[in-house]
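Keep in mind that the numbers below use all heavy atoms, side chains included, and drop hydrogens, waters and symmetry copies. All figures in this text were calculated on a predicted structure; none of them were measured in a lab.
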Amino acid sequence: TNMVIADCIFRRNRAFSSRAFGGGAAIRGLGGDVRIWNCIFADNRASTGGAVHVTSGNLRIFNSKFFDNFATGGRDDRGIVAGAGGGLRVDRALKSRPLPILICGCLFQRNDIQRPRNRNGDDGSAVEVYNDITHLPASMETVAVIKTTFLENGRRGGAGNVLMIH
């Protein structure tokens, strides 16, 4: 399924799951291409990918703003509660084309994730790109972040990676 979203505002949306794999309070893409232009995502909350969560697809985001989004977390297979991708999470990106993930001209500000008490957080306060063992590991050839600003992300639970690619 392909999706194009342009000139929209997503504010105070919620999508919760007791598992660590649900998410995307504003947009949840499963497969296909997701393209986002000139949108605002503010104060959204989800288990993972506070505002946007794309699985097994390609993602292009242009000139969009992510403010105050939060990944609350869900229990993973080990019972650990942790959020991932406060503003945006992509997992298992399709590698059928060059640069399946492109973020250009965006602003990520004051996004964060829930962190377990025994960890300082390593799952992308603003953005997380994750590929499981059945796919090739994420690399700079699969993700391009161009002319994008990251401000004040990761303030709720101590230091953490703003942009996590693994």
Side-chain angles (χ1 to χ4, degrees), residues 1-76 81-94 99-115 121 123-131 138 142-157 160-165:
T1 303
N2 296 327
M3 186 182 326
V4 175
I5 299 107
D7 301 313
C8 296
I9 297 172
F10 298 90
R11 182 170 291 143
R12 290 191 284 276
N13 298 289
R14 307 292 186 254
F16 295 111
S17 170
S18 60
R19 300 288 300 157
F21 308 109
I27 297 171
R28 178 73 165 110
L30 297 169
D33 288 326
V34 177
R35 296 177 186 191
I36 300 170
W37 279 281
N38 303 315
C39 291
I40 296 172
F41 299 90
D43 192 29
N44 297 288
R45 305 277 186 271
S47 302
T48 58
V52 177
H53 187 168
V54 174
T55 300
S56 300
N58 298 307
L59 176 67
R60 304 264 192 273
I61 302 178
F62 300 94
N63 303 318
S64 294
K65 296 177 174 115
F66 292 77
F67 295 104
D68 300 308
N69 299 290
F70 190 69
T72 60
R75 294 197 185 282
D76 66 10
V81 177
L88 165 67
R89 182 174 198 236
V90 181
D91 60 84
R92 296 184 295 276
L94 296 178
L99 291 175
I101 303 167
L102 174 61
I103 301 168
C104 184
C106 294
L107 171 64
F108 289 84
Q109 188 169 14
R110 294 183 309 271
N111 299 286
D112 208 350
I113 60 174
Q114 178 67 41
R115 292 174 174 81
D123 293 323
S125 325
V127 176
E128 184 202 28
V129 176
Y130 171 77
N131 285 294
T142 59
V143 179
V145 179
I146 301 166
K147 294 184 178 181
T148 293
T149 302
F150 296 89
L151 296 171
E152 305 173 276
N153 295 285
R155 297 171 49 138
R156 289 188 183 97
N161 293 321
V162 171
L163 173 62
M164 178 68 172
I165 302 172

Mind checking what makes side chain to side chain contact (heavy atoms under 4.5 Å, CB included) contact with Asn38, not counting sequence neighbours? Asp7, Asn63
Value for CZ (Arg60) from CZ (Arg35), rounded to nearest 0.5 Å, stands at 6.5 Å
Under the criterion side-chain contact (heavy atoms from CB on, under 4.5 Å), I'd like the reasoning laid out for Thr48 against Glu128: C-alpha separation, chi angles, the key distance, then a yes or no. CA-CA 9 Å; Thr48 58; Glu128 184 202 28; over 6 Å; no
With rounding to the nearest 0.5 Å, note down the distance linking CD1 in Ile113 to CZ in Phe70. 8.0 Å
Smallest heavy-atom separation, Ala15 atom then Ala25 atom, equals CB-CA, 3.7 Å
If you apply the rule side-chain contact (heavy atoms from CB on, under 4.5 Å), what do you find for His53 with Asp91, and how did you get there? CA-CA 8 Å; His53 187 168; Asp91 60 84; 2.6 Å; yes
Tell me yes or no: between the side chains of Ser125 and Asn111, is some donor less than 3.5 Å from an acceptor? no
Under the criterion ring-ring contact (aromatic ring centres under 6.0 Å, His included), which of Phe41, Phe150, Phe10 is the partner of Phe66? Phe41
Heavy-atom closest contact (Gly24 atom, Ala46 atom, distance): N-CB, 3.5 Å
State, with a plain yes or no, whether a side-chain heavy atom of Phe67 is found less than 4.5 Å away from one of Leu107. yes
Indicate yes or no: at least one non-hydrogen side-chain atom of Arg28 is less than 4.5 angstrom from one of Thr55. yes
CG of Leu30 to CE of Met3: how many Å apart, nearest 0.5 Å? 8.0 Å
Which of these passes side-chain contact (heavy atoms from CB on, under 4.5 Å) with Val127: Asn153, Val145, Val162, Leu88? Leu88
Which value, rounded to the nearest 0.5 Å, describes the distance between Lys65 atom NZ and Ile9 atom CD1? 10.0 Å
Identify the residue among Val90, Ile101, Val34, Asp33 that makes a side-chain contact (heavy atoms from CB on, under 4.5 Å) with Asn58. Asp33
Return yes if some donor-acceptor pair links the side-chain N/O of Asn44 with the main-chain N/O of Asn13 below 3.5 Å, else return no. yes
Quick check: are there more than 12 heavy atoms from other residues, nucleotides or ligands sitting under 6.0 Å from CZ of Arg11? no
Quick one: does any side-chain atom of Asp43 pair with a main-chain N or O of Arg12 as donor and acceptor, under 3.5 Å? no
Just jot down the ring pair (Phe, Tyr, Trp, His ring centres under 6.0 Å) partners of Phe62, sequence neighbours excluded, or say none. Trp37
Gly85 to Ala71 - nearest heavy-atom pair and separation: O-CB, 3.9 Å
Counting distance only, does the side-chain N/O of Thr148 pair as donor-acceptor with the main-chain N or O of Cys106 below 3.5 Å? yes
